[in-house]
There are 2 protein chains.
Amino acid sequence: MSETPYTPVERQRRMLEYINQNRSVHLQELALFFHISEATARRDLDELSRQGAIIRTHGGAMRAEKSTAYETLYQERMNQQQPEKERIAIRAAQMVKNGDTVFIDAGTTAFAIAKAISHLERLTIITNDLFTASQLQLKPTCTLMVTGGMRRGASQELVGAAAEEFVGAVHADIAFIGVDGVDWMGNVCIANFDEMGIKRAMLHSATQKVIVADHGKIGHAALVRICYLKDADCLITDDGISTDSLRKLKKVGNDIILA
Amino acid sequence: MSETPYTPVERQRRMLEYINQNRSVHLQELALFFHISEATARRDLDELSRQGAIIRTHGGAMRAEKSTAYETLYQERMNQQQPEKERIAIRAAQMVKNGDTVFIDAGTTAFAIAKAISHLERLTIITNDLFTASQLQLKPTCTLMVTGGMRRGASQELVGAAAEEFVGAVHADIAFIGVDGVDWMGNVCIANFDEMGIKRAMLHSATQKVIVADHGKIGHAALVRICYLKDADCLITDDGISTDSLRKLKKVGNDIILA
DNA sequence: CATGAAAATGTAATTATTTGCAAGTTTGGA
DNA sequence: TCCAAACTTGCAAATAATTACATTTTCATG
């Protein structure tokens with residue numbers, strides 16, 4: 001065949017479109033369509049399923065079920081405004097496996113991550129975000145815990161001593177912390193003093209510490225430093241960042257991941 | 001046949017659509033339509049029936065009546081019994097004054113009370129209800145605290161040791177506790193075991209203990225007793241209750257208020 | 001430009017699931 | 001009450017998934 005072979009990721013992307021257009025697919029149908037072996041088709045479907053993009057069935061796969069109307073609205077709005085957040089979330093979700101305990105902090109990026117891991121089994125998700133706490137749909141084998149604390153103004157996040165104490169009393173495999181700025185000195189900053197304690201507490205009580213920030217946040221300091229970039233295991237941002245910026249970040253941080 | 005056979009899951013989905021379009025189906029009809037044996041058709045119907053999507057009959061299946069099957073949404077439930085709940089809430093709100101600390105437990109009645117006191121100043125409201133926590137609008141001088149804890153299934157309420165510990169660590173001037181039943185022996189009951197701890201903790205940590213229940217709940221016991229009516233300072237119900245019932249309640253309780 | 005490590009792919013053996021068939025049993029209407 | 005149709009159960013064949021492993025491709029680096 002003289003057809004241009006796709007890269008695995010590109011092929012999976014097209015596969016997802018194919019599945020979303022039709023309602024479901026057969027494994028053989030995919031193998032034939034993309035000129036790959038059934039083994040590879042299975043691996044692709046498994047990967048898409050792991051990302052929660054489709055639902056794997058015996059003999060093929062089906063389109064993923066749509067979320068509730070409210071959630072879809074929220075998510076569409078988020079996608080329109082910040083498509084890179086979605087990419088960051090999908091990349092972040094790949095770091096979580098079945099059975100993990102996960103800290104999800106407050107904010108839209110954090111909710112996107114929570115959505116992206118919601119297809120996993122036996123998760124324990126701990127959040128201080130009331131929107132995530134009330135809207136997230138999880139598998140029956142999962143547990144969702146809320147930190148408690150004081151609602152900050154009219155926002156949807158919980159802060160204060162009670163929240164910090166809760167987080168200090170538990171331990172998570174991984175923490176995802178959204179921030180407002182990461183400067184070239186490696187200062188990881190947020191714009192609000194109230195949130196400092198809870199974010200620090202989550203970082204402290206997690207084995208793996210992950211900072212998430214879209215490229216617009218890179219290179220700017222903000223009001224409060226919650227940690228140094230070296231203190232976190234990795235930073236996930238999007239590929240809107242320049243090569244130069246990336247080089248500078250690598251000097252002050254550990255693993256820098258572009259989604 | 002050159003037709004591509006469906007995957008089992010996809011076939012079941014189409015089968016469900018087929019059954020929903022027609023009112024009912026015969027087994028042979030399905031076997032013929034989907035080119036499968038009657039044994040497989042039976043297995044598919046059994047699976048759909050197990051999911052509650054259809055109702056199995058001798059020789060086939062029929063559409064499921066999904067009126068009661070689906071869980072009613074929070075907002076929809078909010079509208080049920082609205083007038084009574086509204087009156088109870090307004091009466092309950094009269095017991096709260098500026099600067100009070102108030103326990104609001106989970107449920108629609110409790111949310112109605114929260115709304116009814118939201119015009120007051122310098123309140124501290126403590127709730128284990130995620131809907132109240134995220135939706136309630138308060139004056140800037142007020143504080144809203146969330147207990148934290150585990151989200152019970154897909155409900156909007158927090159339960160468990162963490163929630164109870166939080167409540168045990170603070171003290172409120174008044175607690176409003178919604179219940180599922182108050183019988184003639186003075187047993188104040190709820191229908192769910194999980195909520196027992198948090199409701200008891202709120203009662204324990206409050207100076208004034210108020211039980212709220214619309215007249216439909218009066219005279220019935222439920223699964224768990226959280227306290228005796230004598231333990232509470234007052235019970236607020238609506239005037240749908242009979243004179244006889246009121247007399248019986250007064251024997252086993254303290255102040256009985258009709259809203 | 002060579003080269004070695006990591007990733008991707010295909011193949012084959014093994015295991016698990018699905019399917020159809022046929023035995024005996026139950027059901028529901030005449 | 002009787003009997004044909006529908007159901008249940010056990011089982012073997014067909015189909016798909018999983019696992020292990022060999023081969024190829026990709027890509028950063030000396």
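In what follows, chains are A, B, ... by sequence order, proteins preceding strands, each numbered from 1.
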- Item | Selection residues 231-241 of chain A - residue pairs positive for side-chain hydrogen bond (donor to acceptor under 3.5 Å, both in side chains), sequence neighbours left out |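 Sorted result for residues 231-241 of chain A: R87(A)-D239(A), H215(A)-D238(A).
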
- Between Y18(A) and F33(A), is the gap from one ring center to the other below 6.0 Å?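 Ring centres of F33(A) and Y18(A) closer than 6.0 Å.
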
Using a strict threshold of under 4.0 Å (side-chain N to carboxylate O), is an ion pair present between [Y] and [X]?
X      : Y      : value
E10(A) : R13(A) : yes
R42(A) : D46(A) : no
R63(B) : E17(B) : no
E47(A) : R43(A) : no

- Item | Residue pair V9(B) / H58(A), side-chain heavy-atom distance below 4.5 Å | no

- Span of DNA chain D engaged by chain B, first through last nucleotide within the 4.0 Å heavy-atom cut-off, is dA6(D) to dT8(D)

- Message: Expressed as a whole number of angstroms, how long is the span from E47(A):CD to dA7(C):C1'?
- Response: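 Rounded to the whole Å, the gap is 13 Å.
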
- In B/S/- notation (B base, S sugar-phosphate only, - none; protein heavy atoms under 4.0 Å), nucleotides 10-30 of chain C written 5' to 3' is BB-----SSBBB-----S---

- Message: As a quick check of understanding, evaluate side-chain hydrogen bond (donor to acceptor under 3.5 Å, both in side chains) for N187(B) and R225(B), giving each step before the final call.
- Response: CA-CA 6 Å; N187(B) 294 305; R225(B) 177 183 65 237; 3.3 Å; yes

